[in-house]
Structure formats: structure tokens, C-alpha cells
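Notes follow the structure.
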Amino acid sequence: MSSNDSAIGTALDRDTVRSTSRLLIGALAVVGVLSLVTLLPGVDRLVPFAPVTFAAVATGVVALAVAGILLYAAPKFALLTRLALGEADAEGDARPDRIAENAGGVVHWLVVFGAVLVAYRGLAGVAVPVLNGAAWAYDAAFLFVALVPVVFLVARLTVTVDPLAELVADRVAGGAGAANDDGADDDDEVDDSAAEFDEPTASETGEDG
């Protein structure tokens, strides 16, 4: 890889890390603001003409914001994972590239699944009192939504098994094979040297010049 390509890769990595860190810090800041809002007087009061409290509404809004940030950051986390694993196995063959690609997909769908869980927990305080006896519909809706990232996550894990097993086999069995080859070469050298010492000389065989 040329110096120009290396500089481009480094800049891409730096920009990705910076933007991802900004999103995470923003999400933490939003959660911190929510913790302060819940300390305000009267936030535990019911909203007029609604069976929910102001704190539940604030929590739901923050949960939607954090879930949106996670969904937006999911591709960036996947890219960081691919870059990290790709650099570590740059001297390998195509199998580490497949592992890095699949690992990035796994991270992507894990973050998406986390966003769904954040939205589910945060909106429960608003949705469950409003739905009242039909609260099961809220759980069922998020169950179907959460199944989407789970299915893609299982698919990514499934296609990662074979290349990962091949990589482990190459690292373990390949090293053992190299050791065996070296041992065989050493034995051949020992046998050759022993044959030279065992070969009879002309004086021993009685053949004079």
C-alpha cells in the first residue's frame, strides 16, 4: 500500500472515530439532561387530560433521541470494526477480509438492536398507561421490530463461522505443519551427515591408488 493510500486510510479512520465519538458524547449529554429534568419540581404530576406524567413524556422523548443517535451511528461502528480488523490482518489472504466484513455487520445489527431496546424501555412509561388494557399490543409491536435486527445478526454470525474456522485452522495447523517440515529437514541433514561418516574410505576397502 502506497503512502497516499495509507494517509487516506488514516484520515478516514480519524474522521470516523471523531464523528462516532461526537454522537456518543451527544447521547450521554442528552441522558444527563434527562436526569436533571427528572429532578425538577412537579415532573411527577400527570399531564392534563392524559394518564401519563411529565417525567414519562420527557423520558420518551429522550429515548427516541438516543435511539435515533444509535441508529445513525450504527454504520459508523461497523466501519470502525472493519477498519480495526482489516488493519490487524492486512498481510493475510481474503479470509480475514470476510471476517472483518461480517464482524462489522454483527456490530451494526447489535447497535440497531440496542436502539430498539432503548426505545422500548423509554416509551413504555407513555404507551402502557395510554393503551391501558391493550398493553400487550405495545410489547407485540416491539417484539416484531426487535426480531428484524436479531434475524440479520444470526445471519451474519452464521456466515462468519466458516471463514473464522478456516483462519483458526491456518494459524494452528499451519504452524504445526511448518514445525514438522523443519523437523523433517533437520532429520534429513542428520541422515546425510551420518551417511558421510559411515561411507568407507579407499584404504579400508583395500583399494590402493
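None of the values given here were measured: they were computed from a predicted structure.
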Note to self: Tell me the closest heavy-atom pair linking Ala103 and Leu85, and the distance in Å.
What the structure shows: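 The pair with the smallest heavy-atom distance is CB-CD1, 3.4 Å.
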* Considering non-hydrogen atoms only, spot the tightest contact between Arg82 and Gly104 and give its length. =>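 Result for this residue pair: CG-CA, 4.0 Å.
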Check whether [X] and [Y] end up in the same hydrophobic cluster, where Ile, Leu, Val, Met, Phe, Trp and Tyr are linked by side-chain heavy atoms less than 4.5 Å apart.
X      : Y      : value
Leu28  : Leu80  : no
Leu143 : Val112 : no
Val30  : Val33  : no
Leu23  : Val17  : no

Pairs under 3.5 angstrom only: tabulate donor-acceptor contacts from the side chains of residues 50-79 to other protein residues two or more places apart or in another chain.
from: Thr53; atom 1: OG1; to: Ala56; atom 2: N; distance (Å): 3.1
from: Thr59; atom 1: OG1; to: Ala55; atom 2: O; distance (Å): 2.8

key: Partner residues of Phe142 under the ring pair (Phe, Tyr, Trp, His ring centres under 6.0 Å) criterion, sequence neighbours left out   =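 With neighbours one apart ignored, the set is Tyr120, Tyr138.
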Identify, with sequence neighbours excluded, every residue that meets side chain to side chain contact (heavy atoms under 4.5 Å, CB included) alongside Arg22.
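For Arg22, the residues satisfying side chain to side chain contact (heavy atoms under 4.5 Å, CB included) (neighbours in sequence not counted) are Arg18, Ser19.
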Exercise. Could you list who else is in Phe113's hydrophobic cluster, with ILVMFWY side chains joined at under 4.5 Å, directly or through other members?
Key: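 Taking Ile, Leu, Val, Met, Phe, Trp and Tyr as members, Phe113 shares its hydrophobic cluster with Leu117, Val150, Val154.
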query: If you link I, L, V, M, F, W and Y whenever their side-chain heavy atoms are under 4.5 Å apart, who else ends up in the same group as Trp136?
result: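 ILVMFWY cluster around Trp136 holds nothing else.
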Check: Taking Ser35 for the side chain and Gly32 for the main chain, is one N or O donor matched with an acceptor at less than 3.5 Å?
Finding: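 Yes: the side chain of Ser35 pairs with the backbone of Gly32.
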Residue pairs, two or more places apart or on separate chains, that pass ring pair (Phe, Tyr, Trp, His ring centres under 6.0 Å) and touch residues 152-171
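Passing the test, one end in residues 152-171: Trp109-Phe152.
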* **side chain to side chain donor-acceptor pair (under 3.5 Å) contacts touching residues 142-156 (sequence neighbours left out)** =>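 The answer is Asn102-Arg156.
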Check: If you measure from CG on Leu153 to CG on Leu147, what distance do you get to the nearest 0.5 Å?
Finding: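 It comes to 12.0 Å.
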